[in-house]
Amino acid sequence: MTIEQEIARRRTFGIISHPDAGKTTLTEKLLLFGGAIQKAGAVKSSKIKDHARSDWMEIEKQRGISVATSVMGFTYSGVKINLLDTPGHQDFAEDTYRTLTAVDSVIMVIDCVKGVESQTEKLMEVCRMRNTPVICFINKLDREGQDPFDLLDEIEEKLSIKVRPLSWPISMGKTFKGVYSLYEKSLHLFTASKTVVEEGIEISDIQSKDLDNLVGEKNAEQLRADVELIEGVYPDFSLEEYAAGHVAPVFFGSAVNNFGVKELLDTFIRIAPLPQPRATNVRIVAPDESKFTGFVFKIHANMDPKHRNRIAFVRVCSGCFERGSNYYHVRQAKSYRFSNATAFLAQDRETIDEAWPGDIVGIYDTGNLKIGDSLTEGEKLMYSGIPSFSPEIFKEVVNRDAMKSKQLEKGLLQLMEEGVAQLFTFDVGKRKVIGTVGALQFEVIQFRLLHEYGATMEFLPQQIYKACWISSADERKLDEFVQSKLRHIARDKDGKLVFMAESKAWLQMVQDNFPDIKFHYTSEFRD
Ligand code: G4P
């Protein structure tokens, strides 16, 4: 196969949702269609359901499982699908943001009872930053949910994206009859089946009496009225608008009943974008360029503390990755031979010989690779777009065993490289402060530092509201600002200047007083 053909048959995407909307269930059904698993219940959920204190122990146990389910590759209708798992727990949101940099599109699951929830809003913001195309799957139609038109309005309003229904539910809850495909003009009658998929019944004209016979007169009338309204209110579905991330096509179904999932998947492989060109610091790289390039978007520490090797997840962006070849590590300006690359196929990992744009390769690494690193065949380019976001909780690291300060340093560095949390080092006194988006990470960090590195430490709470990366068009002004706020100035992992604001009100005041300074909530910004 040529590289163009390899690219044309690949789709790399992620499923995002608020916890409990049905992401795991939908993933499982998609894998069933791909023949990647044989029975329902085979996908171990990597989610952590509640905030109980013992949760972090569970996370440790699940780390092994979540490596296996991080990337699931399968083939459906001749298309190679790479599904990237995103942690559902909000404390791991940063991990999800980074994973989203490695996909070409997203399926968003929304619970029809609960509507758009907070985590979905945050995740959608990340998609919008990158104009990632989104398909919506409104789930749990077997329950009494909100009115479908209200749900569409809510999506448009809360997620700031236009929608275009491609299927439409006929009633819901106990009286749920099925969905009508506006795209294919066919009717799918609801059956609660975990695996069997009923073929759609073609309804070329919804005015036909057949519809009444199939779903009852009242439902048929309602559907006709709804379809008329949809056709009147929503513009025709435009592939270009979807590809540009401006319009989200919407499907309705019930994942647990395997209903509406096949239509979703069939449409997905038809409309979802192929591996796309990607921006670097020097130029845009097209996937069909002959030379291999890729970047690391996730690092996973090995479970075995004695062997501190890790798996770096590399998204192939162009060319062909060949096992055993030498590739150029741009940040270190060094070549390495990658002889132990792994591909991800459903829950198994297997050694691979080559990988194409859109594929994810797992590389065993002893500490050379960091999140955001680029690999090439020699060209000095760095993939952009893997920002750090301002954390929400901050704590100072205090060493409790002076004999182990080296181990603590090393452990902290490696955990930060894995992206577990962000480390900020204050200019004054070299105080080390860790920032996370959730409280759980602190327990994970403390536990892992002790068990993997033998370092005993404690966290001291900090009065910090936000970490703002700062810049200014005027170097002198920036210098002056740094000098006047020295006690609040820290450096991130790359040595970038960060202002640690103590409160919202104070940040506002400082912003007003220093109009020449720009305050950014993410580490990647353009002046
Ligand atoms: P998540 O990964 O997004 O967190 O959600 P998950 O798939 O685990 O689904 C959350 C709960 O919602 C599960 O129930 C699941 O069975 C249920 N669910 C998923 N799809 C549907 C649907 O279409 N209709 C209905 N009624 N329920 C659905 P649970 O009780 O938490 O777990 P389980 O014991 O059923 O596995």
Side-chain angles (χ1 to χ4, degrees), residues 13-33 36-37 39-52 55 58-59 62 65-66 68-72 83-93 95-96 99-100 106-124 134-146 148 151 167-179 188-198 250-265 347 438 440:
F13 78 110
I15 303 183
I16 57 175
S17 75
H18 191 88
D20 267 354
K23 181 169 73 76
T24 312
T25 314
L26 180 63
T27 301
E28 187 173 280
K29 301 300 172 189
L30 294 176
L31 293 180
L32 277 170
F33 280 115
I37 53 172
K39 61 179 194 321
V43 176
K44 296 273 189 315
S45 152
S46 57
K47 70 191 171 173
I48 301 117
K49 283 225 159 180
D50 45 45
H51 285 263
D55 270 351
E58 198 48 33
I59 301 168
Q62 302 244 358
I65 300 166
S66 64
T69 55
S70 290
V71 181
M72 290 160 273
L83 200 179
L84 275 54
D85 190 32
T86 54
H89 197 289
Q90 61 177 13
D91 283 10
F92 296 90
D95 217 20
T96 302
T99 298
L100 292 181
V106 151
I107 292 180
M108 177 160 51
V109 185
I110 290 174
D111 180 331
C112 73
V113 184
K114 296 186 178 150
V116 176
E117 298 172 86
S118 57
Q119 189 65 3
T120 319
E121 284 184 57
K122 279 199 192 166
L123 293 167
M124 187 60 212
V134 175
I135 295 179
C136 268
F137 182 74
I138 299 188
N139 191 26
K140 307 197 185 180
L141 264 287
D142 57 320
R143 289 195 178 161
E144 297 300 334
Q146 300 175 33
L151 281 166
S167 78
W168 197 253
I170 301 165
S171 190
M172 58 170 70
K174 285 202 188 70
T175 56
F176 181 47
K177 282 281 176 291
V179 293
H188 292 264
L189 292 176
F190 177 64
T191 46
S193 159
K194 302 265 182 273
T195 45
V196 183
V197 180
E198 303 284 332
V250 179
F251 291 84
F252 292 84
S254 169
V256 80
N257 292 300
N258 204 14
F259 188 75
V261 179
K262 185 169 182 294
E263 294 78 58
L264 173 75
L265 185 57
Q347 285 140 310
L440 271 178

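One-based numbering, in listed order, for ligands and for the atoms of each. Index from 1, following the sequence. Worth knowing before you read on, the calculation uses all heavy atoms, side chains too, and leaves out hydrogens, waters and symmetry mates. All figures in this text were calculated on a predicted structure; none of them were measured in a lab.
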Identify, by atom number and element, the atoms of ligand 1 in contact range of [X], meaning under 4.0 Å from any of its heavy atoms.
X	value
P19	4 (O)
S17	3 (O)
K23	1 (P), 2 (O), 3 (O), 5 (O), 7 (O)
D20	1 (P), 3 (O), 4 (O), 5 (O), 10 (C), 12 (O)
T25	6 (P), 7 (O), 9 (O), 15 (C), 19 (C)

Any chance you could measure [X], atom [atom1], to [Y], atom [atom2], to the nearest 0.5 Å?
X	Y	atom1	atom2	answer
D111	H18	CG	NE2	9.5 Å
N258	K29	CG	NZ	5.0 Å
D20	K114	CG	NZ	5.5 Å

Set out, in order, the CA-CA distance, both residues' side-chain angles and the distance that settles side chain to side chain contact (heavy atoms under 4.5 Å, CB included) for W168 and V179, then state yes or no. CA-CA 5 Å; W168 197 253; V179 293; over 6 Å; no
For a 4.5 angstrom cut-off between non-hydrogen side-chain atoms, does [X] reach [Y]?
X	Y	result
V106	L123	no
F190	I170	no
M172	R143	no

Part of [X] with heavy atoms under 4.0 Å of ligand 1, whether side chain, backbone, both or neither:
X	answer
S254	both
D142	side chain
N139	side chain

N/O of A255 under 3.5 Å from N/O of ligand 1, yes or no? yes
Per atom 5 (O) of ligand 1, closest listed option by heavy atom (G260, G22, G145, C112): G22
